[in-house]
Amino acid sequence: MTFRSRLFATVALPVLSTALIATPALADALMKPFEVAQESTGEGQPSEEELLLQQQQQQQQQDEAQRAAEEEQQRQAEEQKAAEEAERAAAEQKAADEDAQRAAADEEQRRAEEQKAAEDAEKAAAEEKAAEEEAQRAAAEEGQRQAEGQKAAEEAEKAAAEEKAAEDEARRTAEEEQQRQADDGKAAEEQKAQDEQKPAGEEQAEQPAQQDGGTSETTAGDQPMTGESGQPATDESDQATTGESDQPMTGEGEQPAVAGEQSPAETGTDQPATAETGETPAVEPVPEVVETMTEEEKQEIAEDPATTDETVVLPVENGAAVLDSDKDADNAGGQASREERRKKREELRAQEEDVPVPDTDDAAQATISEEVREAVPGRIEAAIKEEGKRVKEAPDFAVPETTNIINTTVINNTVINNNTVNNTTIDNSVTEVNVVERFENRTVLEAGDRLIVRGDDRPRLRRDSEEVYYDNLARGRVRETIVRPGGVQIVTIYNRYGDIIQRSRVGRDGREYILVYAPELEGDAPRPGLIDVGYELPPMRLRIPVSDYIIDTSSNPDRDYYDFLAEPPVERVERVYTIDEVKHSARLRDKVRRIDLDTITFATGSADVPMSQARTLRSVAEAMQKVLDKDPGETFLIEGHTDAVGSDKSNLVLSDERAESVASLLTDVYGIPPENLQTQGYGERFLKVKTQIAEQQNRRVTIRRVTTLVRPMARAN
């Protein structure tokens, strides 16, 4: 049945039926009064009241009929309206059905598109994964290639080292052969002289023995017989008699042994080569220190080092000793040296505990006499005003000829806190200082068994100056005056070796600030050698937490570096030291705290500081400037270090270049005056992590405030 048929059956047909039924009923109602009137006429004429009542009734019936008709008409209108609404609802339903069908079609299309997109994404992911795998494979191949290249480089370096060793061995063999020939010639001459003095019978008696190849004791000055290699034989029966042997000939740079020195045989070095190999036996290496403490025990000691006499080490894997002087002792004597230093610390514990850790710079210099303090300003002023002879060019400083190398750790009758340390003999061996190589403004010196790099910081100080002039003074001294823009002058007095006797800054207002003053270099006193004067002091006992002694900028970025740099030394300062004494003594540098700039990560073999890392120096530079604002005469030591890869000589030069790079950066970027910065490279001598392989933590620069060590402090009022 269609919609129109349903509408006719439910709405139109009932309305039509009702109308047909209602029409006769309405007619009957209208005719009813007339019928009543006709019936009543036979009985008599109705009264007026009855007629009025009948009219009212008729009128009422008419009204009711009319009202019923109106209601019916209204009902029909409502039904028609309902039918229209039903038709409209049906149309809306149809439209909704069509929309639903269209939406279903759209949804199906969307799902199809999503499925296609998912398939495309999966395909792209598969392609990306394949590309990543390819990149990883390429990276692995590149890494393998680099490893092979590094291995080849190492093999080449090893081959070069072996070749050099072979050349050294050949040269040594040639020298020994030359020495042997000279000795053989001398022995032959002596034998000939003896033969001429012997009776004929004795000469004939000796000839058979020589022909038989028998051995006999060598006389004074004779050499043992040699094997096939030309080296002295090692048979125990071929020992020379003692007491009358001549001094051996010395090669270039060697000195004859002096009275009281140990011979090579006594020291265990320079032993004769074996006849079998022709090589000099290697000196036995120092036994490596084996750490037995756990990380927890190391950390506990680091938090309160005063409770122990043991060597304090960094609480990290393969952490080296905290104090540089302890590092030196470990490298030189191994475990035995550690035990010896522990016993000495134990002996001195009670004496040191009577003296508190200094709380001011002035308290740290309590043992420096008032006479020394009061004499400084007058002497420096006199040196600045002293008449000299003007020279046109900067002088070339002389290389020291000799130096005292001290091999022990405690000097005779050293007085500490009014107590005398047990006597210990010191070997003051005089050793020649040789120039190993020059690198621009750096010189590598060989002093005994140690290499030292000496740099010339004058080019760094003269940068951006308006005028620089030199005056020769009495006693071989030289005065350098650097004039900065605005009239600031930097006045430095050098001795003939380039050691700084004094350095001052004279401001625009004429006020003078003392940076460095070395009273030991005044007058005609002999120049102290490149000597570690720290050996005169007992082993140091660290009595503050390691975290208050060392700051790593990477792990303490929010630390107040100013408060740290302003702290006084951790133990008393016995006297005013020269800046070179401080540079050459780990024991003296241990007196002051240090900042490890481990946020500057040098590339292997490089001294360049990337500008991205230079920004990490801002906090430290601002703290240094704050210290200088309070006292413009402060001095900071910038130390350069390398890891253990490479030769000692190249590492020394590289570490000194790193120290200078950081000093120049502090001046050029952050405005720290160059005269307040001293630099020194130490190569691989003071490793932070004990390893012979490449290690980033060992390629670092350290900053210390050394003012209290290199100039007398003014007394507090």
Side-chain angles (χ1 to χ4, degrees), residues 135 139 142-143 145-147 149-150 153 316 439-442 453 455-457 459-461 463-464 550-562 564-565 594-628 636-647 649-674 676-689 691 693-705:
E142 178 66 17
R145 185 184 64 78
Q146 292 179 355
Q150 183 177 1
V316 298
F439 299 86
E440 297 180 354
N441 65 327
R442 291 178 177 81
V453 60
D456 186 358
D457 63 353
R460 182 169 57 85
L461 268 64
R463 193 183 307 168
D464 299 329
I550 305 174
I551 286 183
D552 294 330
T553 52
S554 61
S555 57
N556 291 274
D558 300 326
R559 187 76 174 262
D560 190 333
Y561 298 118
Y562 168 71
F564 184 84
L565 286 174
R594 71 177 190 252
I595 297 178
D596 284 348
L597 301 177
D598 54 357
T599 50
I600 297 180
T601 54
F602 293 99
T604 301
S606 174
D608 295 333
V609 180
M611 288 307 298
S612 59
Q613 297 182 12
R615 290 192 294 269
T616 63
L617 276 176
R618 177 178 298 277
S619 298
V620 177
E622 290 175 348
M624 295 172 68
Q625 187 59 60
K626 192 174 179 181
V627 171
L628 291 173
F636 299 95
L637 178 61
I638 314 297
E639 307 171 11
H641 303 275
T642 69
D643 57 24
V645 179
S647 67
K649 180 179 66 177
S650 61
N651 281 340
L652 270 175
V653 175
L654 177 61
S655 64
D656 204 57
E657 291 173 344
R658 286 175 174 171
E660 185 177 12
S661 293
V662 172
S664 298
L665 188 150
L666 287 169
T667 297
D668 298 340
V669 178
Y670 297 106
I672 305 299
N676 295 104
L677 305 175
Q678 293 283 336
T679 61
Q680 181 64 43
Y682 295 102
E684 60 188 75
R685 180 177 170 187
F686 301 110
L687 298 177
K688 190 173 182 179
V689 177
T691 178
I693 64 175
E695 172 56 54
Q696 181 63 64
Q697 294 186 65
N698 288 329
R699 301 194 292 269
R700 69 195 190 280
V701 167
T702 294
I703 295 180
R704 303 180 198 252
R705 185 178 72 93

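Hydrogens, waters and symmetry mates play no part in the numbers below; they use all other heavy atoms, side chains included.
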Original post:
Do NZ/NE/NH1/NH2 and the carboxylate oxygens of Asp656 and Arg658 come within less than 4.0 Å?
Top reply: no
Subject >> Salt bridge Lys688-Asp596, side-chain N to carboxylate O under 4.0 Å >> reply: yes
If you define the side chain from C-beta out and look only at heavy atoms, does anything of [X] sit under 4.5 Å from [Y]?
| X | Y | answer |
| --- | --- | --- |
| Leu665 | Leu617 | yes |
| His641 | Asn698 | no |
| Phe602 | Val662 | yes |
| Phe564 | Arg559 | yes |
| Val620 | Tyr670 | no |
| Leu666 | Leu677 | yes |

Nearest heavy atoms of [X] and [Y], plus distance in Å:
| X | Y | value |
| --- | --- | --- |
| Ser661 | Ala607 | OG-O, 2.9 Å |
| Ala659 | Gly640 | CB-N, 3.7 Å |
| Arg463 | Ser664 | NH2-OG, 3.5 Å |

Separation of [Y] [atom2] from [X] [atom1] (nearest 0.5 Å):
| X | Y | atom1 | atom2 | value |
| --- | --- | --- | --- | --- |
| Thr642 | Tyr682 | OG1 | OH | 13.5 Å |
| Glu440 | Glu657 | CD | CD | 7.5 Å |
| Gln680 | Leu652 | CD | CG | 8.5 Å |
| Gln678 | Leu637 | CD | CG | 7.5 Å |
| Ile703 | Leu565 | CD1 | CG | 7.5 Å |
| Arg700 | Thr601 | CZ | OG1 | 14.0 Å |

**OP:** Test side-chain contact (heavy atoms from CB on, under 4.5 Å) on Gln697 and Val316 and set out the steps.
**Re:** CA-CA 12 Å; Gln697 294 186 65; Val316 298; 5.6 Å; no
Hey, does the side chain of [X] reach the backbone of [Y] with a donor-acceptor pair shorter than 3.5 angstrom?
| X | Y | value |
| --- | --- | --- |
| Arg699 | Ile600 | no |
| Asp643 | Val645 | yes |
| Asp456 | Asn441 | no |

**OP:** Please assess Leu628 against Asn676 for the test side-chain contact (heavy atoms from CB on, under 4.5 Å), listing each intermediate value before the final yes or no.
**Re:** CA-CA 9 Å; Leu628 291 173; Asn676 295 104; 3.6 Å; yes
**OP:** Let me see the working for Thr599 and Thr553 under side chain to side chain donor-acceptor pair (under 3.5 Å), right down to the final yes or no.
**Re:** CA-CA 6 Å; Thr599 50; Thr553 52; 3.3 Å; yes
Original post:
If we ignore angles and hydrogens, is there a donor and acceptor under 3.5 Å between the side chains of Asp457 and Thr679?
Top reply: no
